[in-house]
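As structure tokens, the structure follows; a few thoughts come after it.
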Amino acid sequence: MELDSNPAPRLVRFFITLPEPVAIPDGYVWHKAFAHDPSADSIQQFVNLVFMQSDGMSRQQGSLAATLEALNRVTNNPKADNLHDVSDLAGQYTTVVATTLEDRIPNAANIWASPQDIPTEHDPLNRCIEEIAHFIRSYRAALEAMCLVPTYEKIGPMIPYQVGDFVPMRSEEGAENGFRVSEWDDAGVLMLDHANMSDHAPGGEVSPEDDGRIDLCRYMLSQGSPLFLWKERYVEARTALYREGKYGAAVTLSNTASEVLLDGLLELLYWESGKKPEDVASVFAEGRLARRVKSNFCEMLGGNWSLDSKGPVATWFHKCYRLRHRVVHGGYNPTRLEAQTAIEATFSLSQYCWDRLVAKKKKFPRTVLMLIAEEGLRKRGKWCHHMRNFQREVAPTEPSWQEASQVWRSDMHNALLAGN
């Protein structure tokens, strides 16, 4: 093939600093050439990685400086410049110079919802990130090194890059085995589709009206409330996806959140129905979640709980529950889009649970007030005369529902463990 007869291919190299250093010699080179049809009218695709080590200020050094500043502010001491020698806290950084063919397809943003979703064969940055991850995973397994696998969400968010003309290098047999460039263009900066900056807090600041919500969550945490535990797992799933890029963990945490929600809700329904813990303990046996969803929830709340029809329950079962099984038991690595779909399915399932519970508010007023509360009922336009009177006249005369339901839950789990 005469390369000169085709448009001159171009190279792009990205300067990617890993989220934590890896113990690889400075200047170490890793070259991966991908499968290629020699008769195809194209250049063989590859990724070339060069690992570079450098030193600088570490997060520990910055953390100690902040600690000393807080100490000085609290004790009203003037700021001390040399209170401690922090030279031993200098940080090490690993930057990978990742080079590949610049073959980005046009209008990719109009085809895929997120840059992370563009297949690696169509996006040079995703290709380089994937090959870095494959190398680190291989390095980690070979040396049993306890290190993080870099992901799109854990690098950047600004990646310098350069583009240059590609000149292939050939062996004596004529096979391409390397490359060089005549000249690199001026550097540019690529902004990634996230704002995960570890030195800046995510989210907004706590406002005065948030104090009550934090106090309530702290109380629910102390009581082991399923509402708190499900929300905590759900937030962890979103963190795994959007901040850490751990797609498998996002799927498993999404499913854990949904299981905590479903079992916690069913436990409250049985508690309020006056069921004895030992009489229903077998319902909660491990491995029977799908059975509980199909039968027990339909019995208690009505609605469509089929796992094979359309709707939020079936979507959750196929897009989250079954996917989690592939991840945990088959070692499957889900895509970012699959992880996002699992999280969305979990949220839709939770909304369906709340909708069905509200529809049965006269049958389960205690559970509704514990999980939905007056605020949630007002938002749905369901704050009615019955619930208002129940909250004012009945609730104050009864022992703590949180504590009573927690005792019931503990007795049920004891009965389950005892095999009753």
Side-chain angles (χ1 to χ4, degrees), residues 202-203 210-244 246 248-273 275 277 280-281 283-290 292-293 296-297 300-301 312-313 316-317 320-321 323-325 327-328 339 342-358 364 366-373 375-376 400-417:
D210 292 326
D211 291 344
R213 297 171 61 188
I214 295 175
D215 286 340
L216 175 61
C217 286
R218 179 63 184 86
Y219 173 72
M220 290 193 297
L221 172 61
S222 67
Q223 295 296 310
S225 167
L227 179 62
F228 177 88
L229 298 176
W230 111 261
K231 179 59 71 70
E232 187 174 46
R233 298 293 88 76
Y234 178 72
V235 172
E236 288 175 348
R238 287 175 50 83
T239 302
L241 173 60
Y242 295 113
R243 289 189 59 81
E244 299 175 348
K246 297 180 179 178
V251 171
T252 57
L253 286 167
S254 294
N255 189 73
T256 300
S258 60
E259 292 195 20
V260 171
L261 169 65
L262 290 168
D263 280 354
L265 174 57
L266 188 59
E267 289 166 359
L268 288 174
L269 297 178
Y270 279 140
W271 161 75
E272 187 166 3
S273 298
K275 299 287 187 180
V280 295
V283 172
F284 296 90
E286 187 175 355
R288 297 182 182 179
L289 177 65
R292 292 195 287 276
V293 171
N296 302 93
F297 276 92
M300 302 298 285
L301 295 178
V313 177
W316 161 78
F317 179 71
C320 182
Y321 181 85
L323 179 60
R324 176 262 178 196
H325 190 276
V327 171
V328 172
I343 290 177
E344 292 172 350
T346 296
F347 180 77
S348 296
L349 174 69
S350 72
Q351 295 302 109
Y352 186 72
C353 288
W354 306 145
D355 290 343
R356 293 310 310 160
L357 179 59
V358 169
F364 301 106
R366 296 166 183 82
T367 302
V368 169
L369 289 174
M370 290 170 66
L371 300 183
I372 307 298
E375 180 183 2
S400 168
W401 297 335
Q402 287 282 4
E403 295 178 3
S405 62
Q406 179 59 29
V407 170
W408 187 98
R409 185 181 301 112
S410 179
D411 291 343
M412 186 275 293
H413 283 286
N414 289 337
L416 180 61
L417 292 174

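Positions are given from 1, in the same order as the sequence printed here.
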Return the set of residues passing ring pair (Phe, Tyr, Trp, His ring centres under 6.0 Å) with Phe364 (not counting sequence neighbours), or none when no residue passes.
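Not a single residue meets the ring pair (Phe, Tyr, Trp, His ring centres under 6.0 Å) criterion with Phe364.
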Listed partners of Tyr242 passing ring pair (Phe, Tyr, Trp, His ring centres under 6.0 Å), at least two apart
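Expected list: none.
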Taking every non-hydrogen atom, the tightest pair across [X] and [Y]:
X	Y	answer
Ala257	Thr346	CB-CG2, 4.4 Å
Ala237	Ile343	O-CD1, 3.5 Å
Val260	Pro226	CG1-O, 3.9 Å

Pairwise side-chain contact, [X] with [Y], heavy-atom cut-off 4.5 Å (strictly under):
X	Y	value
Met370	Leu227	no
Trp230	Leu265	no
Met412	Trp271	no

Excluding sequence neighbours, so at least two apart, what forms side chain to side chain donor-acceptor pair (under 3.5 Å) with [X]?
X	value
Thr367	Glu272
Tyr270	Asn296
Trp401	Glu398

Ser273 and Met300: CA distance, side-chain angles, deciding distance, side chain to side chain contact (heavy atoms under 4.5 Å, CB included) verdict:
CA-CA 9 Å; Ser273 298; Met300 302 298 285; 3.4 Å; yes
Could you check Leu261 against Tyr234 for side chain to side chain contact (heavy atoms under 4.5 Å, CB included), going step by step and ending with a plain yes or no?
CA-CA 10 Å; Leu261 169 65; Tyr234 178 72; over 6 Å; no
Spatial distance of atom [atom1] ([X]) from atom [atom2] ([Y]) [nearest 0.5 Å]:
X	Y	atom1	atom2	result
Leu289	Leu262	CG	CG	6.0 Å
Glu344	Cys320	CD	SG	11.5 Å
Ser222	Phe228	OG	CZ	9.5 Å
Leu253	Thr239	CG	OG1	9.0 Å
Ile372	Cys353	CD1	SG	9.5 Å
Leu357	Phe297	CG	CZ	10.5 Å

Residues in salt bridge (charged side-chain N to carboxylate O under 4.0 Å, His left out) contact with Arg409, at least two apart in sequence or another chain:
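Arg409 satisfies salt bridge (charged side-chain N to carboxylate O under 4.0 Å, His left out) with Glu267 only.
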Sequence-distant partners of Glu375, salt bridge (charged side-chain N to carboxylate O under 4.0 Å, His left out), two or more places apart
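Expected list: Lys379.
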Within the side chain of Trp408, is there an N or O that forms a donor-acceptor pair under 3.5 Å with the backbone of Leu268?
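Judged by distance alone, no pair lies under 3.5 Å.
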Side chain to side chain donor-acceptor pair (under 3.5 Å) pairs, two or more places apart, involving residues 251-263
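Only Asn255-Glu259, Ser258-Trp316, Asp263-Arg292 qualify under side chain to side chain donor-acceptor pair (under 3.5 Å).
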Where at least one partner belongs to residues 216-234, residue pairs that pass salt bridge (Lys or Arg N to Asp or Glu O under 4.0 Å), sequence neighbours excluded:
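Only Arg233-Glu236 qualify under salt bridge (Lys or Arg N to Asp or Glu O under 4.0 Å).
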What salt bridge (Lys or Arg N to Asp or Glu O under 4.0 Å) pairs are there with at least one residue in residues 345-356, not counting sequence neighbours?
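Passing the test, one end in residues 345-356: Asp355-Arg380.
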What residues form a side chain to side chain contact (heavy atoms under 4.5 Å, CB included) with Glu286, not counting sequence neighbours?
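Once residues adjacent in sequence are excluded, Glu286 has no partner under the side chain to side chain contact (heavy atoms under 4.5 Å, CB included) criterion.
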Can you name the residues that form a side chain to side chain contact (heavy atoms under 4.5 Å, CB included) with Ala285, not counting sequence neighbours?
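With neighbours one apart ignored, the set is Arg288, Leu416.
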More than 12 heavy atoms of other groups within 6.0 Å of His413 NE2:
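For His413, atom NE2 is crowded (more than 12 foreign heavy atoms under 6.0 Å).
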